[in-house]
Structure formats: structure tokens, C-alpha cells
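First listed ligand is number 1; within each ligand, the first listed atom is number 1.
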Amino acid sequence: MTALTARWVVVDIEGTLTPTSQVHVVLYDYARPRLGPWIDAHPSDPVVTEAVAQIRSLGGLPETAGTAEIVSVLHGWMDADQKIAPLKTLQGLIWQRGYAEGDLVTELFPDVVPALRSWHDKGLDLAVFSSGSVAGQVAAFSRTTDGDITSLFATHFDTVNAGPKREAPSYRAIASALGAAAAEIVFCSDVPAELDAARADGWQTVGLARPGEPFADADFGPHLAVRTFAEVSVDLP
Ligand SMILES: CSCCC(=O)C(=O)COP(=O)(O)O
Ligand SMILES: [Mg+2]
């Protein structure tokens with residue numbers, strides 16, 4: 001057991017709290033056939049029209065491109081697991097509806113809620129930083145295998161309100177929003193490049209090398225690497 005002291009714990013989702021398959025199989029398969037119908041059903045929603053405009057621009061499509069061409073770009077990004085903001089925005093809206101209607105449940109690793117609750121009960125504050133949109137994150141935590149855990153998190157960050165996960169300025173923006181010194185924050189993620197960016201800004205880092213997950217055998221370099229949250233304790237200073 002490794003003991004850390006901090007005021008904030010910021011957690012990634014995919015591969016850290018949930019199996020990667022929960023996102024790449026369950027959530028992506030749910031979103032895939034619903035993207036086109038969602039775009040067509042919300043022609044006056046400014047969030048959707050802005051996302052569609054960004055997809056046309058980023059996807060190199062003409063202004064006249066219709067839903068089928070837009071969906072083709074989105075499916076290509078999903079196949080390549082490119083976490084591009086307008087895609088994550090549309091996915092988040094679809095997942096929000098899916099959780100509300102009872103179609104989706106988030107599978108959490110069994111060590112996750114005991115660890116989050118113990119940190120929360122000790123007075124630490126918890127936040128999420130994921131490529132999934134904030135709307136999608138909140139929906140995903142509203143219906144999990146451990147029930148509704150939304151109250152555990154003080155705040156949420158995504159690539160829109162913080163920036164890309166592999167770039168240090170994103171972590172600087174989050175620390176500033178939290179009103180915390182970088183050294184008072186622990187970031188937990190399964191992706192070494194994300195941990196590198198957080199560490200470059202002065203954050204403490206914990207790498208999740210979960211057995212069976214894509215980064216189980218990754219080189220975590222200078223980062224503390226654990227197989228589950230049960231191997232690390234975090235206390236207030
Ligand atoms: C409903 S949250 C889904 C998370 C997601 O869409 C995603 O791409 C996961 O990315 P992360 O940064 O958490 O690895
Ligand atoms: Mg991850």
C-alpha cells in the first residue's frame with residue numbers, strides 16, 4: 001500500500017473507473033446507430049448545430065454535406081477512437097437519454113466505489129477529467145453497477161472546458177478552476193501520456209495498470225503504478 005497526501009483526487013474514466021469495453025463496446029455501440037437520427041431530430045438545437053458545423057469543418061466536408069456524410073465521418077472517428085470534441089458532445093447527448101431511459105448502466109471496477117467513498121469521507125474533494133463530455137460523464141455516474149454516485153464528485157472536466165488530456169496546460173486550467181496548488185492534486189489514469197502531462201504541471205500521479213486492460217503492461221516510468229485503487233491510500237495533509 002502506497003500512502004499519498006492531497007486535497008483533490010481527479011480521476012479519468014475509461015480504463016481507470018470502468019473497463020475499456022464499457023466505452024468502446026457498450027457506449028460506442030449504443031451511440032453509433034443513433035447519431036444520424038439524433039442530428040435529424042434536433043435541427044434547431046444550438047448544441048447540435050454547432051457540433052455539426054465543427055464536424056463538417058474538421059472532417060473536410062462541404063457546407064452542403066448531409067447527415068449521411070456527417071455520420072460517416074463520426075463513425076470513422078469512432079473506429080479510430082479519436083476523441084474529437086463535437087463527436088463527444090453528440091455521444092454525450094445520446095448517452096444522457098440512454099441512461100435516463102434505463103437502457104444503459106455503467107460497469108465500475110469493484111475497487112472503485114470503496115476507494116472514492118473513503119477519500120470523500122476523509123474530506124478530500126473528487127473531480128473527473130475525461131474525454132467524454134461533462135453531460136455524458138454525469139449521466140454515466142447517475143446509473144452504475146454501484147447505484148447513483150454523482151454526489152461523490154464536486155466537479156467535472158472534459159476537453160471543452162479544460163483541454164486535451166495529453167497537454168500540460170489542461171492540467172494548469174483544472175488546478176486554477178479548483179483553486180488548488182498542483183502538488184495538492186492526485187490524477188489517476190491508465191494512460192501514461194496523460195499522467196506525463198499532469199506531472200509536467202506538478203501534479204501527483206497514479207497509473208492504473210489494470211490486468212486485462214490495454215495499458216496493463218505499459219511503462220509507467222516515473223508514475224506510481226497500481227493494479228487497483230486498493231493499493232493506494234490518499235489522506236488530507
Ligand atoms: C459517458 S463517459 C464516456 C467516456 C468517453 O466517452 C471516453 O471517451 C472516455 O475517455 P477517457 O478520457 O475517460 O479515457
Ligand atoms: Mg483512460
Look at the rings of Phe141 and Phe153 and say which category their plane angle falls in: under 30° parallel, 30 to 60° tilted, over 60° perpendicular. tilted
Heavy atom to atom 12 (O) of ligand 1, shortest distance: which of Lys165, Glu194, Glu14 holds it? Lys165
Mind checking whether Gln137 has an N or O less than 3.5 Å away from an N or O of ligand 1? no
Name whichever N, O or S atom of Asp12 ends up nearest to the Mg ion (ligand 2). OD2
Does ligand 1 come near enough to Lys83 that some N or O of the ligand is less than 3.5 Å from an N or O of the residue? yes
For Trp95, take its heavy atoms, then give the atoms of ligand 1 lying under 4.0 Å from any of them. 1 (C), 3 (C), 6 (O)
State plainly whether the residues Arg199 and Asp201 are in salt-bridge range, i.e. N to O under 4.0 Å. no
Would you kindly check if the NZ (Lys) or CZ (Arg) of Arg210 is within the cone defined by 45 degrees around the ring axis of Phe229 and under 6.0 Å from the six-membered ring centre? yes
Of all the N, O or S atoms in Asp190, the one nearest to the Mg ion (ligand 2) is OD1
Look at the aromatic rings of Phe129 and Phe157 and report parallel, tilted or perpendicular, splitting at 30° and 60°. perpendicular
Does any N/O atom on Gln91 come nearer than 3.5 Å to any N/O atom on ligand 1? no
What is the name of the N/O/S atom in Glu14 that sits closest to the Mg ion (ligand 2)? O
Going by distance alone, is a donor N or O of one side chain under 3.5 Å from an acceptor N or O of the other, for Thr20 and Glu213? yes
For the atom pair CH2 (Trp38) and CG (Leu74), what is the distance rounded to the nearest 0.5 Å? 14.0 Å
So, taking the atom named CG in Leu152 and the one named CZ in Arg117, what distance separates them when rounded to the nearest 0.5 Å? 5.0 Å
What's the separation between atom NE2 in His223 and atom CG in Leu195, rounded to the nearest 0.5 Å? 5.0 Å
Atoms in ligand 1 with a heavy atom of Ile13 nearer than 4.0 Å: 2 (S), 13 (O)
If you draw the axis of the six-membered ring of Tyr99, does the NZ or CZ of Arg97 fall within 45° of it and under 6.0 Å from the ring centre? no
Going by the atom numbers of ligand 1, which of them fall below 4.0 Å from some non-hydrogen atom of Ser130? 4 (C), 9 (C), 10 (O), 11 (P), 12 (O), 13 (O)
Identify the protein heavy atom lying closest to atom 6 (O) of ligand 1, giving its residue, its atom name and the separation to 0.1 Å. Lys88 NZ, 3.0 Å
N/O/S atom of Glu194 inside 2.8 Å of the Mg ion (ligand 2), strictly under: no
Using a 6.0 Å cut-off, check whether atom CG of Asp217 has over 12 heavy atoms from anything other than its own residue. no
Polar contact flag, side-chain donor to acceptor under 3.5 angstrom, Asp158-Ser133: no
Which ligand 1 atoms does Ala140 reach within 4.0 Å, using its non-hydrogen atoms? 1 (C)
Within the 4.0 Å heavy-atom shell around Gly136, which atoms of ligand 1 are there? 1 (C)
Numbering as shown, the atoms of ligand 1 that approach Gly132 to under 4.0 Å (heavy-atom distance): 4 (C), 5 (C), 6 (O), 7 (C)
Among protein heavy atoms, which lies nearest atom 11 (P) of ligand 1, and at what distance? Asp12 OD1, 3.2 Å
Short version for Phe129: what comes under 4.0 Å of ligand 1, heavy atoms counted, is neither
